[in-house]
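To keep things clear, I will list the structure first and then write my remarks on it.
Computed over heavy atoms, backbone and side chain alike; hydrogens, waters and symmetry mates excluded. Chain letters run A, B, ... following the sequence lines, proteins first and then strands; every chain starts at 1.
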2 protein chains.
Amino acid sequence: MKDVATRAGVSVGTVSRVVNGLPNVDPQLESRVRKAIDELAYRPNAVARTLRLRRSLTLGLVIPDITNPYFAELVGAVESAALDAGYRLIVANSMDSAETEGMHLGALLDYQVDGMILAPTVVTEHMPMPVTIPCVVVDRSLIGDRADVVSSDNRAGGRAAAEHLVQLGHRLFAIITGPPHLSVARDRLAGFVDGLSAAKIRVPEPLMYAGSFDYSSGEEGVAQFIQAGLAPTAILASSDQQAIGALRACIDAGVAVPADVSIVGFDDIPVASLVTPRLTTVTQSISAIGSRAVDLVLKPRGGAHRRRRVVLPVSLTVRESTAKPGTGLPSAGTSRSRRRTRPTKSKEERHAIA
Amino acid sequence: MKDVATRAGVSVGTVSRVVNGLPNVDPQLESRVRKAIDELAYRPNAVARTLRLRRSLTLGLVIPDITNPYFAELVGAVESAALDAGYRLIVANSMDSAETEGMHLGALLDYQVDGMILAPTVVTEHMPMPVTIPCVVVDRSLIGDRADVVSSDNRAGGRAAAEHLVQLGHRLFAIITGPPHLSVARDRLAGFVDGLSAAKIRVPEPLMYAGSFDYSSGEEGVAQFIQAGLAPTAILASSDQQAIGALRACIDAGVAVPADVSIVGFDDIPVASLVTPRLTTVTQSISAIGSRAVDLVLKPRGGAHRRRRVVLPVSLTVRESTAKPGTGLPSAGTSRSRRRTRPTKSKEERHAIA
DNA sequence: AACGTTTCATGAATCGTTTCATCAGAGGGC
DNA sequence: GCCCTCTGATGAAACGATTCATGAAACGTT
């Protein structure tokens, strides 16, 4: 900037005013300055600007796992909302580790981000929650925390999924839930239970499986249900990844979906409409979550107000993975299932290439 | 920092030396300073430090589409490699737009990142390539560019995929390629052609479809092949997303995979082993790409050297989507395919939830 | 006692911006 | 000619860290 100033024969102050489009600058000088800027290919140093302005025009986003398609979508949504608002975004990935998460949080603070959006991995009461900058939690909410929250109406979604299956005639259900300490998981489960108990249905203990939201939990859940030998005709999964894993396990066990067993997922990630059968699932509007979160973080509530809580509507998308009740899952010990329970490893060959 | 200094009764210089663990500081003073730091919950301002040090300990990564599972994995790999090297990562998403990409590039430069890793959307000769900081291109390489490159051995992968199918007995192939201006797409195609021409096989024009790497290109490709009416028995896709889309289209057209038609993908994204049938595909080691890229960017070549090029080996993972040749794709006009060509829209219902 | 070394602490300059107080000059009104 | 106002440009002081030259004390050696 100093170089630009000397080249244009003005002071740095004037260059600054040209760059920022402030008034009170002689048109002739302005063009001289612009010329110098072009010639020197000058670009303002955002770090110095941040230091002086004490705002970085940057938001931080911390997510548990970028590899999860749901969060990948969330990143996209938040980034474009932030961009629209004139902010840039730093994404950090905690890899489901509380420690990494805390590290990222601190680093983002050190980086002077103007606000933070986070989808926490863990509930930590003593999380070093940045009181200094606005902060909103998405998807999952922290217990006893004072941060604003935006999430989908997980409970209503769960209820709708359950009601849909009940309406199709199902009576014996299996449920795959997420990590119990996450509110998303609890809310979805509560929704399932709501919908089922309205029809006086209870789910027996062995037909509940608590895992994480990933593919393998779906497979593990189904393995457990088969062990239980109760032959449920429908599976309520708490994420599409779980549902796809469950689907995989059903097929491996020789169970036809939806003819024998119905499955419903949650989230509506892109691949949900590509698997066979296409997944019936609860779709949430990720772009709405992203833009509301950015809204909240950028328009902080006045000090005294209570924490804000935005709950966004979801919808049920009925595709091909649900139908009238069939024969249900097989029991362990059936030759059919015993023979084909986990063929994954055995059927995969890996060939190095010279 | 000044506050810490006055509270501990020392100068800011001393505080700085304590914080950075520099020698020549009296143990007694040091403990006073540490106490003050704790009491004031002082955290160093990374922005000021960057300004002074002229390095941010930060790397930038620009990718075309975070929603693509391949890039999501890449982000994870690069981030953990960067973290291991003591750097943090800013990820930017160009959403497949050259303009956004340029914007992000500039913004990262303004942010004084110490190095840049990019998977460019477009080949722009006059891309404002940052000569000022080290920069490496991953996955795709720019034509005529001077940046270092790390990528998988796409050509060998393509060849292996083709040879695998030839070996199974296939003679009539269809190929789905990626955007022709991307070197990844060209290399994979060249590999397919290598493998096929070794067996004296040529692919007729109507059985080549050039799309992007996403799901829908796979579906569109199969639609075109069916129109062509040549009944190929195997499909070589240039990405797993394409392969999954193609698989979807086959199933919708009543074609059994792999009984009627074999499909092989490329990348080995996580969901590739979950769809039915599990995808035979070329697996690349994304974590290797990530760590090599970080290596290169952090250890810049001396000025005079030629551009470096790292090509990583791939392997062929044989799963369930390939088998001996079957009846092949149906022709357009077959009642079977006509009736069931695009049922997607018709079979999906969306229910709002009160 | 004079001198040289070593060990620590200090203060000031610096990084590249923004912004505020100041000031020079032009123009108008009397 | 004097005073006032207004426009536009300047220089210097921040912002929060690092670092370098300087200097003060302590200690050995001669």
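When rounded to the nearest whole Å, the span between CG of B:Leu51 and P of D:dC15 equals 14 Å. If you measure from atom CZ of A:Arg54 to atom P of D:dA17, you get 10 Å, rounded to the nearest angstrom. At whole-Å resolution of the value, CG in B:Leu53 and C1' in D:dT19 are 10 Å apart.
Partners of A:Arg292 under the salt bridge (Lys or Arg N to Asp or Glu O under 4.0 Å) rule, at least two apart in sequence or in another chain, are A:Asp295. Qualifying salt bridge (Lys or Arg N to Asp or Glu O under 4.0 Å) partners for B:Lys299, counting only residues two or more places apart in sequence or in other chains: none. Residues satisfying the side-chain hydrogen bond (donor to acceptor under 3.5 Å, both in side chains) criterion with A:Thr50, sequence neighbours excluded, are absent altogether. Under the rule for a side-chain hydrogen bond (donor to acceptor under 3.5 Å, both in side chains), the partners of B:Tyr111 that lie at least two apart in sequence or sit in another chain are A:Thr58. B:Asp114 is linked by a side-chain hydrogen bond (donor to acceptor under 3.5 Å, both in side chains) to B:Ser56, counting only residues two or more places apart in sequence or in another chain. Every residue two or more places apart in sequence or in another chain was checked for a salt bridge (Lys or Arg N to Asp or Glu O under 4.0 Å) with A:Arg17, and none qualifies. With sequence neighbours left out, the side chain to side chain contact (heavy atoms under 4.5 Å, CB included) criterion links B:Val184 to B:Asp139, B:Arg140, B:Asn154, B:Leu182, B:Arg188, B:Phe213. The salt bridge (Lys or Arg N to Asp or Glu O under 4.0 Å) check on A:Glu39 picks up A:Arg7, A:Lys35, with sequence neighbours excluded.
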Strictly under 3.5 Å: I want the nitrogen or oxygen pairs between protein and nucleotides 12-14 of chain D, one per line.
| from | atom 1 | to | atom 2 | distance (Å) |
| --- | --- | --- | --- | --- |
| D:dA14 | N3 | A:Arg52 | NH1 | 2.9 |

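No donor-acceptor pair under 3.5 Å is formed between the side chain of B:His104 and the backbone N or O of B:Val62. Using modelled atom types, one side-chain atom of A:Ser94 and one backbone atom of A:Ile63 make a donor-acceptor pair closer than 3.5 Å.
In the 5' to 3' direction, nucleotides of DNA chain C lying under 4.0 Å from heavy atoms of chain B begin and end at C:dC8 to C:dG16.
Here salt bridge (charged side-chain N to carboxylate O under 4.0 Å, His left out) pairs that include residues 43-58 of chain B, with residues two or more places apart or in two chains, are A:Asp110-B:Arg43.
The side chain of A:Thr14 places an N or O atom within less than 4.0 Å of a non-bridging phosphate oxygen (OP1 or OP2) of D:dT10.
Within 4.0 Å of B:Val10, counting heavy atoms only, lie sugar-phosphate atoms of the nucleic acid but no base atom.
Interface residues of residues 17-45 of chain A facing DNA chain D, ordered by number: A:Arg17, A:Asn24, A:Val25, A:Asp26, A:Leu29; criterion, heavy-atom separation under 4.0 Å.
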